[in-house]
Amino acid sequence: MEKNRDYFEKDDPIFLNKDLLQISHLPDGERIIGRDEQLSNLANVLRPATKGNEPNNAFVYGKTGTGKSLCTKYLSRQLIDTAASNDVRVGFAYIDCLQDSTETQVIQSIGQVLNDSSNTEVHFPGSGLPTSEYYNRLWTVLDTLYDVVIIILDELDKLTDVDNVLRLLPAAGEAEKIRHCKLGVIGISNKTRFKQSLGDRAKSALCDREFVFPPYDAEELCAILEARSDAFKDDVLEPEVIPFASALAGQEYGDARQAMDILRFSGEIAQEENVSEVRESHVEKAHHEAEKNQLHELMQQLTVQSHRVLRSLVILDQSTRSDRPVKSTEVYSMYIRVSEQVGGRVLSQRRVRDLLSELEFLEIVEQRRKGAGRGEGNYMENHLLDNSETVLEALNEESDEIVSNIQPAESLENTNQSNLVSKNNDSDS
DNA sequence: AATCCACTGGAAACCTAGGGCC
DNA sequence: GGCCCTAGGTTTCCAGTGGATT
């Protein structure tokens, strides 16, 4: 590690090892703070695997930045080592369902991660096979190479065929799909209400052991940042910086990721200002930067068309003086104008409705269905959960489409006109 | 409490890209 | 190379719905 020191950072007056402030950085055991209870609970679930016995399944939930992924990954690595000393071959597949969002993709990814084609003579093509064939190949790999396998499905709520996956995977042993290998599944989600949408069998497979990761309080956030403060050079951090950053992150969700972002950005801002201490004023600026960064990361998952829909909503939001929510039909007619300006495909109204409810799921937009009264039908209200300026900034960073100055054509009080616009477009298409 | 209608969201049909198999 | 299959994204279709007004 020492050899890899980046020589370009030699003159850096602020950071010693910035990597410590990356969320992906997996710290040593003593640096996981405030999660002793969760760690030992999870360890109990996995313990049978160290002796080659069947581990339990579990369901983990908690908001973003509460250490869910960190703890499960950390334990899985430890498990592999412990088991290896008992001559038990443990495999561990961490799947982010954000990237692999369908049943086939998930099974294929698990296969690719665990497979060693030189020993199994099995391979996992990116597509072209029926789903059942992916399963069959996976069973072969498991039985050939492993005694126990732990599968971690992160962001489980993003998976479209959750019920199927959770029905087939944990039951593989019972159904005699695999004869030798034992299988444990850990599902991770940040949506509490997600559990209710699961089918009965999936629920019973996973949810009899469930663990909640509560948000960190400001004190714990403080300790977390302290533990990583050697990312900075000595005496760079003014004493009030870490408590202040923790307080800012704590007052929202208790999100450790955000706390670390704030601290890292604080250092970067100090760097840009060419000063050699990080001060409270830097933290304040960094806070805004961190919020934007989180939105920005959310938006990276979205398609170009989703960006356009969101942009349409932002334009409408900014042009209304009050907090008046925006109807889906208004969003659609704005979307059409945005699309006309930037060119490319124009999606149907139905599809745009789906994209809007996707934005709701990601907690970028809030939706509420309303009735307009006798003979007036009903409609969906949309409004942005974050400040529209911040969303726009993040949107502009993410997409290179330039949209200039669209004002809503109809006067804001006269919503009938917007209905007319959408009607015309309906009959066009 | 009954009414009314534009909008909603579920379901099915359709389209395209990508890959396996012979 | 040609045929066949599937996944994933989109459109088309339509029964159901919300709630102010009658």
Side-chain angles (χ1 to χ4, degrees), chain A residues 95-112 115 117 120-138 140 155 157-165 168 193 196-197 199 301-310 312-313 316 324-336 338-339 343-362 365-383 410 413-429:
Chain A
I95 303 296
D96 186 355
C97 300
L98 204 61
Q99 284 156 39
D100 303 305
S101 59
T102 66
E103 182 179 9
T104 325
Q105 283 173 6
V106 166
I107 301 304
Q108 185 230 339
S109 286
I110 297 174
Q112 275 178 350
N115 191 21
S117 51
T120 56
E121 294 174 357
V122 168
H123 67 285
F124 290 84
S127 66
L129 295 178
T131 308
S132 60
E133 180 58 23
Y134 282 111
Y135 275 105
N136 286 334
R137 294 187 182 188
L138 178 62
T140 312
E155 311 264 3
D157 44 280
K158 303 290 189 310
L159 182 57
T160 49
D161 299 305
V162 200
D163 282 334
N164 259 343
V165 176
L168 294 173
R193 60 190 158 130
Q196 288 134 34
S197 65
Q301 322 163 11
L302 301 176
T303 60
V304 179
Q305 294 288 358
S306 281
H307 290 155
R308 281 185 202 167
V309 172
L310 185 56
S312 310
L313 184 54
L316 287 166
R324 192 180 70 94
V326 182
K327 296 181 187 176
S328 291
T329 34
E330 297 175 74
V331 176
Y332 186 63
S333 44
M334 181 53 75
Y335 161 82
I336 288 184
V338 170
S339 297
R345 254 163 69 86
V346 179
L347 299 177
S348 68
Q349 194 164 5
R350 180 71 187 83
R351 181 66 187 138
V352 169
R353 277 210 297 275
D354 275 344
L355 294 180
L356 274 171
S357 62
E358 218 171 274
L359 291 173
E360 191 209 18
F361 190 78
L362 292 172
V365 168
E366 193 174 61
Q367 292 191 305
R368 196 170 306 151
R369 194 171 168 183
K370 293 265 184 164
R374 185 187 163 92
E376 298 297 320
N378 71 135
Y379 60 92
M380 187 71 91
E381 284 181 352
N382 303 273
H383 90 262
E410 73 275 12
E413 284 71 29
N414 190 350
T415 45
N416 286 335
Q417 278 193 19
S418 76
N419 290 342
L420 266 179
V421 172
S422 65
K423 260 185 200 163
N424 289 339
N425 279 299
D426 269 12
S427 52
D428 282 345
S429 57

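We name chains A, B, ... by the order of the sequence lines, and we start the count at 1 in each one.
- Whole-Å rounding puts the A:Gln108 CD to C:dT6 P distance at 16 Å.
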Quick one: do A:Glu103 and A:Leu168 satisfy side chain to side chain contact (heavy atoms under 4.5 Å, CB included)? Show the steps, please.
CA-CA 11 Å; A:Glu103 182 179 9; A:Leu168 294 173; 3.9 Å; yes

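- Summary of helix geometry: the two end axes of the helix from B:dA1-C:dT22 to B:dC22-C:dG1, each defined by five base pairs via their C1' atoms, are inclined to each other by 20° (rounded to 10°).
- Taken to the nearest 0.5 Å, the CG atom of A:Asp354 stands 8.0 Å off from the OG atom of A:Ser348.
- Here CG of A:Leu347 is found 7.5 Å from OH of A:Tyr332. Values are rounded to the nearest 0.5 Å.
- Distance, A:Tyr332 OH to C:dT10 P: 13 Å, rounded to whole Å.
- Atom CG in A:Asp354 sits about 10 Å away from atom P in C:dT10, given to the nearest Å.
- Using a 4.0 Å cut-off, some side-chain N or O of A:Gln105 falls inside it from OP1 or OP2 of C:dG8.
- Looking at A:Gln305, its side chain does come within 3.5 Å of a backbone N or O of A:Arg345 through a donor-acceptor pair.
- Between the CD atom in A:Glu381 and the CD atom in A:Gln367 there is a gap of 10.5 Å [rounded to 0.5 Å].
- Interatomic distance, A:Tyr135 OH to A:Gln108 CD, rounded to the nearest 0.5 Å: 12.5 Å.
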Protein N or O to nucleotides 20-22 of chain B N or O, pairs below 3.5 Å:
none

Within the 4.0 Å limit for protein heavy atoms, which parts of nucleotides 15-22 of chain C are touched? Write it as a string from 5' to 3', B for base, S for sugar-phosphate only, - for none.
-BBBBBBS

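- Side-chain atoms of A:Asn115 come within 3.5 Å of backbone atoms of A:Val122 as a donor-acceptor pair (strictly under, hydrogens ignored).
- Separating the CD atom of A:Glu381 from the P atom of B:dT8 is a distance of 11 Å, rounded to the nearest angstrom.
- Neither side chain, A:Gln349 nor A:Tyr335, offers a donor N or O lying under 3.5 Å from an acceptor on the other.
- Rounded to whole Å, atom P of C:dC5 lies 16 Å from atom OH of A:Tyr134.
- Between atom CZ of residue A:Arg351 and atom OG of residue A:Ser306 there is a gap of 7.0 Å, rounded to the nearest 0.5 Å.
- In this structure, A:Leu302 and A:Val309 have side chains that are not in contact, with every pair of non-hydrogen atoms separated by 4.5 Å or more.
- The base of B:dG9 sits with one of its N or O atoms less than 3.5 Å from a complementary donor or acceptor on the side chain of A:Arg350.
- Between A:Met334 and A:Val331, every side-chain heavy-atom pair lies at or beyond the 4.5 Å cut-off.
- Contacts of A:Arg368 with the nucleic acid, taken as non-hydrogen atoms under 4.0 Å apart, are absent.
- One atom, CG of A:Leu359, and another, P of B:dG9, lie 14 Å apart when rounded to the nearest Å.
- Atoms CG and CD, on A:Asn382 and A:Glu330 in that order, are 9.0 Å from each other to the nearest 0.5 Å.
- Residue A:Ser357 is classed as having no contact, given no heavy-atom separation below 4.0 Å to the nucleic acid.
- Distances shorter than 4.0 Å separate none of the side-chain N or O atoms of A:Arg351 from OP1 or OP2 on C:dT11.
- Going from atom OH of A:Tyr135 over to atom P of C:dA7 covers 11 Å, rounded to whole Å.
- Rounded to a whole Å, the CD atom of A:Gln305 is 15 Å from the C1' atom of C:dG8.
- In this structure, A:Ser348 does not reach the C:dT12 phosphate: none of its side-chain N or O atoms is under 4.0 Å from OP1 or OP2.
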